[in-house]
Structure formats: C-alpha cells, structure tokens
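Take a look at the structure set out below.
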Amino acid sequence: MRASQAPEFDPEPVSEADGEAVFGSVILQQGILSSGGPGHLGAMPVHVLLDGPDAQVPAHLTRIPISLIETSTDCTNKTVKGKVVHKGPLVQSADFILKSVIQDDDSKPDASSQNSSINVVLFGPLANDFSQTVNQGDVVVASGFTVSKSPTVHKDKLHPCNLLLSGDEACLYVSRQPPPPDPTSLPAIKRSATHSTEASRANKAPKYTYVPLGDLKPGCVVSVYGVVIFFKQPFKSRGTDYCSSLKITDQSNQKISCTIFCEKLEDHPKIFQIGDVVRMHRVKTQYFNNSVMLVNTFGFSVVTFDGAVGADVEPRTSSRSFHFDQEDLRTVEELRAWAANQALLAKAPIDSTCTLLRVWDGTRCPWTLLKVLVEPDVTEGPSSFSREKENLIANVLVYDNHVEFARQLQPGNFLRIYNLRAIPGSSKVPGLTGRHSQELDHLAFHLHGGTAYGRGIRVLPENSSDVQQLKRVLDAFAENDELNDSELLEVWCTPPESLDDDTVEHGTGSCLRAVRSCSHDIQPVTLCELKRSHPGRVHHVRVQLRSYEPCRLHQALKLYCSKCTSVQEVPDDELVAGVFSEASRDPGACSPPPWALSGHVDVPGESPGSPERSLGIHLSSQLMSEGKTKELIFLMGSTLKETCRLAAGYQNVIPVRSSGGHLALLDLTAPFLFRGRRRYYGCKRCSKAAVREPCAEGVEVIDEKTIAEALGVELLQFVLLMKLELQDATDTLEAFLWRDAELFLGLAAEELASDQEAQDHVCQTMASLCPSGGHTGQRPWLDLCLAAYQAGNDEGQNRTCYQICNTRLSKPSSSARSDPEP
DNA sequence: GCTTAGGATTTG
C-alpha cells in the first residue's frame, strides 16, 4: 500500500461501509432487511422507493395519529407514522432490544408535545436492523405493533403509551431525505474527512456481499469470509510495507492464497492460529500460478475471529468501527461448524531465537528440559527459580529476525510461538550450557530465523480465551504450592535492553465486583470441573456473565407462595383491570357485615368532562371509633385506575364486590390490597378468603400481614428469578438467581415491583455485568458461591441445577472507578 | 512511485 493513498480517502470508512449510496426507503421486518440497489442482496427482495414511505405502505392499513393512541387501541391494520427524534443504543441480552422515540411530524408546535412523541421499543432482528439502517431524522411508518403503558411516562414526559414492535407481524417502513448536494462535488466515496462518520455512513448501504471462494473470478474487488489454513506473521517486504501471507478456505473447499500489504502492523490480520475465521473487505482477485489469489486493495479492512465452535465472536481488528450483524454472526458460526469437521485444520503453536525466552505453558514436559545458563546480570526478570520451577521452565532460543521481536517482550507476556523446533541433546547453544553426558537427551527449543511455515511469535491479548485458560492452570499451580511464585511465566531477554512500555491489552474491567459472604473454605473450581462433580455441594467459581434471562427485567419479578411453594407471574395491568371491571358488573344489592359502616366516596371521572362517580365504601366501625378514618377502606365497584387513585389517600384499600348479596373479595388474580404504590397478592390455592374486620387492637400499624391474616389470605411474596449464563475459560453454565437474588442485587423484590428507581438500578447493574455489545474483556470477573442440587422436572426426571448464593455485588472501595459507558 | 510476495525449514 502506498503511503500517499490516505488523503484520498475518508480515514474512517476505509474500515467499513462500501457500496453505492442509497437514498430512499427501506423496509424492516423481523429477520429481513431489505435495502440497497441492484446487485446488492442476492436472494433478498429489494425495496427502494424515492417518494417516501407512504407509497410502500399497503393500502388496507390506516394511520392513527400518535396523540390518539391508547392502550385500548385496536392495532389491527393500523399504522403509526413519525419522525425518529431519538435512537437509543442496540441492547443485547437474550435478544436485541432498541428503544427509539418518534414524533408526529404533522403536529403543530403548540400542540401538546407530550402526546405527539412516543417511545417505540423494537425487539429481535428488527432492533438490530433498525440500529444499522435507521437514523435520527428518518420518517418511519410502523405496523404490526402493540400498545402498552409506558413505564417511563413520569420520567420522560412522553406519550403515556409505548409502541412495541416484535414478532413476525411487526414491520417498519423507513424513508430518508436525500442529503444536500455534496459541496466538494466529489463522488460519495471520496467525501472529505470533515464529514462525520455518521453522516457518510448514513448514505451508504449497510450490507456487504461476500463472495464464496469457489466463485472468485480474476480482476474483481470483492469481500470474502474464510477459515485460515495457513498464515505467516507480517514481515518486512523489500518495498514500503509489511507483508502477510495467508491461505483461506471455505465450504467450497477452494484454497485461496492471500497477500496483504500494509505499512502498519496493526492493519494486518490478527491471526493467532490455524482455524481462525477472517473476513476481508476490498481485496482484489489476481491470477497467479494457475489459480486465483487475493491481494488487498484500497479501503481494505480485515477482522479475525476465533475459529472454535462455541467461542465468543470477538472481533480482532484495528478498525475503529465496523459493521457486524446477525448475518455475519451466522456466517462466522457456519464457518466454524464447517471447519470443525475438516481434518485439514490443526492447532500447531510453536516458537524461539538467540535471545533466550524462558516460558511455561502449565504442563510438565515428559522430557528433561535443557538448562541454559546465563549471567544473572543480563537477565530481565528473576535470574533463577526454585529447582521445582526450573524443571518446568522451557528455555527457548530465538534467532535472527525474531530477536528484534523478542526484544519487545516483557516478563509476564503470554505468547504463542509458531513452528518451534524441539531437539534433544543439543549441546551447541549459546551461553554456558551443561555439556555433561546426562544432558544429551535434554530437550532444547529453537525458533530458527525466517518465516517459513509461519515461523514467528505472537503476543496474545489478556482477554483471549487461551490466555484465560492458561491463567487458570497457572493459578491452580500457585495454589497447590508447587509453584508459589506469582511470576510463573518468565521471559528473559539477553542482553538486557530497555523495553518499550508496550503491554498487552487488558480488559477494561467494571465498577462492580461480587463478594462472597459464605464461610465455605473451598478453592475455586473451573466450570468444567464443577460440571463433572456430584450435586449436593457448594462451589466457588470465578466467572463472567455471558448472558441473562429474562432480558425484560420486570419479567424477573414473580410471586411466590411460601406455603405451597408455587411461583407465578405478576399479572399485568390489563389483566387486573379486567378483574376489576368484571367485579363491578354485578351491582346487586348487598348487605354489609354488621361491623361495617357504609358510605360513598366521590371520584372524578376518568376523562375530562365525564361525570363524577360515586363509589361505595365500607369502613371498620372499630377503627372509626378510634378516629382512624384513613387507615382502611373496603372499596366497591371501582376500576383499577380509581383504586390506585384512592390508594394515595388511604393507607389500606381493599377492593371488594357484591357476591350473592354479601361482600366478597375480588378474584385473587387481582391484588387484594393496595398500600400506596404497593400491591399485595394472595395465593389462590392456599387462601380461604372472606371479608372480615381486621383486629387492630394493640396493632401499631395495620400492614399487609395484619390484613392478610384477617382476610384469610395467604400472602404472596415478591421474588426475583433470573437465569444467568456464566462462563470461564473452560465452559459455560446456567445458574439461577433465586434464593439469594435480593442479596445479590442489593434490593428487595417488593421494592422492584413498585419503584422505577429500583428497576433502573437493576438494569444498570445487569448492564455493567454484561454490557450490551461489549466484549468479554469488558465484563467483570465475579467470585461466586454456587450451590449444585438435584431438581425434578415435569417428567419426573432429576437434573442438576445451580444457584448463586451467599454472594452480593458491590462497588470496589477504591475510588478509581472507571465508567467507560458511552 | 502503484512495488513489495507469490508458504515449503535441514539449522545456531
């Protein structure tokens, strides 16, 4: 690559974003992204219209203005149109979620702005597509949505409803105004670097087409995916650039050589081992030696992934931003799965020169290792170790071109050495080697000069799965006291040089850590070991959170009966409102119990202009006589809304209905008691409910327990139930957060049921344990106590379950709190 | 200026 090419190109999009500029409309539907111009999408339908989204909307759909949307709105064959005024980040948990706000474009500025802007929540692939395709300012038309109450109406002062877009029915039509003419009058791809990435990307199609390696023709510029079957580390060419050689293959079984010229080492493919998956954008095909090969060309970018099935899909790239969607994920996973069945893929890491590297990989070599003696004062790092350690350390001699690379290494680096030669009995090594006959069979390691067969050394980043695994082995050794030195992996450099401060990448960590409060004095185990052990024990593990369910945290809230141990969902408002309206349907005469004083309370109409309503109430005569008029009312014939409103004025509101001429409680699907914002439920199975006067004698505060007892209601507890997918270097594991969920999250489930702040707190907590779109390295390591136990399923079979217990999340005491969230 | 490399060790 020529140095002078840079000014011609936007430095940012070189990493991504090609294709022709597309102005017009796209349609988003679950699982389908339709956009682009001819030749873009292969089998996908293409929908581009230049005259706005309305032209595409099927005629049988009718539009409702945003301000008229209500939870009761029948959404069948309806559309909502609005301009995107806010586009939230793509959140990935079990599924993708994206929140956006759209505003009625037609609304007058003086119209109630509160109701002309509405939150739109997108789920699944639609959220992903929206994230990539739609920009602030675009006008969208939504259909196939549902309406729900906005939980954030008090906070954001937007429309009291949300639009939810999920499932196959959900569809979004998008239109975008063509941008003003480019003042530089250059073609789009040559726009100047002063344009923001956002702007230039917005104008380009988001999709790439990848050519199967079997379909490559000479003389084209293409983008490809492939599995690495051979590679060389970048080496200095005779020209201006470093040169990488690699060979890739794919399901077509074509083996394609690639040559990459880049001046900067970081722009080369970051390949760690054969089997890695690479994706290259903008490589040109050439005919050489009777076959097609690939060379990078202008705008080249490459991203590399671990090739192991089931490994994280963590992109290795120097590109500051790059496109990666569900389809890419699928491609990587397909290549991994395919490659896993190909015998040609093997792992063969080796290394070393005439700098001596002393390394250990956590294993004990069956051969005696050659000792290489050097002067202590030329050694960087400890000059000697205990005899036990010395027997485990491999001495690696690296030669020629590798010396320069070895110079930059530091003790503590994790390396992979490629094409290392192991020879027994070598006596011709530099330094003061033993030449006694008993050392003839000692194993020596040489990394010879040159790059043949990919010979070279690579520093592995701290967050790579191989390093994580190796560290666990090293830690285990340290704990076993066999090697109780923290510097287990040593690298010497001879002669000593002042080293660059060039450390490997570290995970950014997080502001949360997990603290065990149990007294179990046990050594941590890996997940792999844990899975092999018998249930009925507790274990300590050190893990990261890979994912969690449910992604909509309110669904984690359940109702639990401690008597029959059943767990049920918290009924939603719609269901509860239905119970109320059902209960008020029979206004038949009803004789109040003898202890009750009956009366009426007037409540304002539901909507402005509608008449006041008079609701029947019953009060405990005993409480009345004590002057406790606001402590408790039995409320009759109210709607859910009215009940909630009255709960603000009375400490305890018990909704009742008339049943067979008597006062009865509502169906226990609905809360039997309202206390301020809190609602209490009873177990249908265990309650023997009847309207009775609570005994308030000697009772300081009439609370939910007093009332439940009086009414014969078995009070349900709010509980939290989540399923967390944990991972470490060895395995993944599903564990429940249940018994100690409140301890873990540091709040009461009951609080979570009624308090927006508590809900936000949990969302933030989960987001920092498992940042959306974050890489493994950004997730904190958690020290957990896990109980393994047997639980029967519906078929009567036992299976082993795991639960997080005795562990709470905590902010580290250190004030050095990094908060990298953008 | 638009190349460079184009896998393939025998060896301290």
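Since this is a predicted model, take the numbers as computed values, not measurements. Each chain gets a letter, A, B and so on, in the order the sequences are listed, and its residues count up from 1.
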| Checking all strands, does Lys247(A) fall into the base, sugar-phosphate, or nothing category for heavy-atom contacts under 4.0 angstrom? | base

| said: Heavy-atom nearest nucleotide on DNA chain B for Gly450(A) versus Val295(A): which residue maps closer to 5'? | reply: Val295(A)

| said: Can you measure Asn401(A) atom CG to dT11(B) atom P for me and round it to whole angstrom units? | reply: 17 Å

| query | Hey, does the Lys NZ or Arg CZ of Arg416(A) hover above the aromatic six-ring of Phe272(A), less than 6.0 Å from the centre and inside 45° of the axis? | reply | no

| Distance in Å, Gln233(A) CD paired with Ser244(A) OG, rounded so as to fall on 0.5 Å steps | 7.5 Å

| said: Using a heavy-atom cut-off of 4.0 Å across all strands, would you classify Gln233(A) as base, sugar-phosphate, or nothing? | reply: nothing

| Nucleotide dG12(B), atom P - distance to NE2 of His448(A) in whole Å | 7 Å

| query | Does any donor atom in the side chain of Ser252(A) or Asp250(A) lie under 3.5 Å from an acceptor atom in the other side chain? | reply | yes

| query | The side chain of Phe235(A) lies closest to which of these nucleotides: dG7(B), dT3(B), dG6(B)? | reply | dG6(B)

| message | Starting the side chain at C-beta, find the nucleotide from dC2(B), dT4(B), dG6(B) nearest to Phe298(A). | response | dC2(B)

| message | Expressed as a whole number of angstroms, how long is the span from Phe230(A):CZ to dA8(B):P? | response | 7 Å

| Between atom CG in Leu294(A) and atom C1' in dG7(B), what is the gap in whole Å? | 16 Å

| Hey, is the side chain of Arg421(A) pairing donor to acceptor with the base of dT11(B) inside 3.5 Å? | yes

| query | Are Phe300(A) and His268(A) near enough that their ring centres are under 6.0 Å apart? | reply | no

| query | Does the ring of Phe261(A) meet both stacking tests against the six-membered base ring of dT3(B): centre distance under 5.5 Å and plane angle under 30°? | reply | no

| said: Would you measure the distance from the P atom in dT10(B) across to the matching atom in dG6(B) and give it in whole Å? | reply: 15 Å

| query | With a 4.0 Å cut-off on heavy atoms, is Ser257(A) in touch with a base, just the backbone sugar-phosphate, or nothing at all? | reply | nothing

| query | dA5(B) C1' sits how many Å from Gln286(A) CD, rounded? | reply | 10 Å

| query | Within the pair Lys236(A) and dA5(B), is there a side-chain N or O less than 4.0 Å away from OP1 or OP2? | reply | no

| said: Side chains of Arg546(A) and Gln727(A) only: does a donor on one sit below 3.5 Å from an acceptor on the other? | reply: yes

| Nearest-Å distance, NE2 (His402(A)) to P (dT11(B))? | 16 Å

| request: Can you tell me the distance, in whole Å, between the CE atom of Met293(A) and the P atom of dG7(B)? | output: 9 Å

| message | Side-chain N or O of Arg238(A) versus OP1/OP2 of dA5(B): is the shortest distance under 4.0 Å? | response | yes

| request: Could you state the atom-to-atom distance from CZ of Arg455(A) to C1' of dG12(B) in whole Å? | output: 12 Å

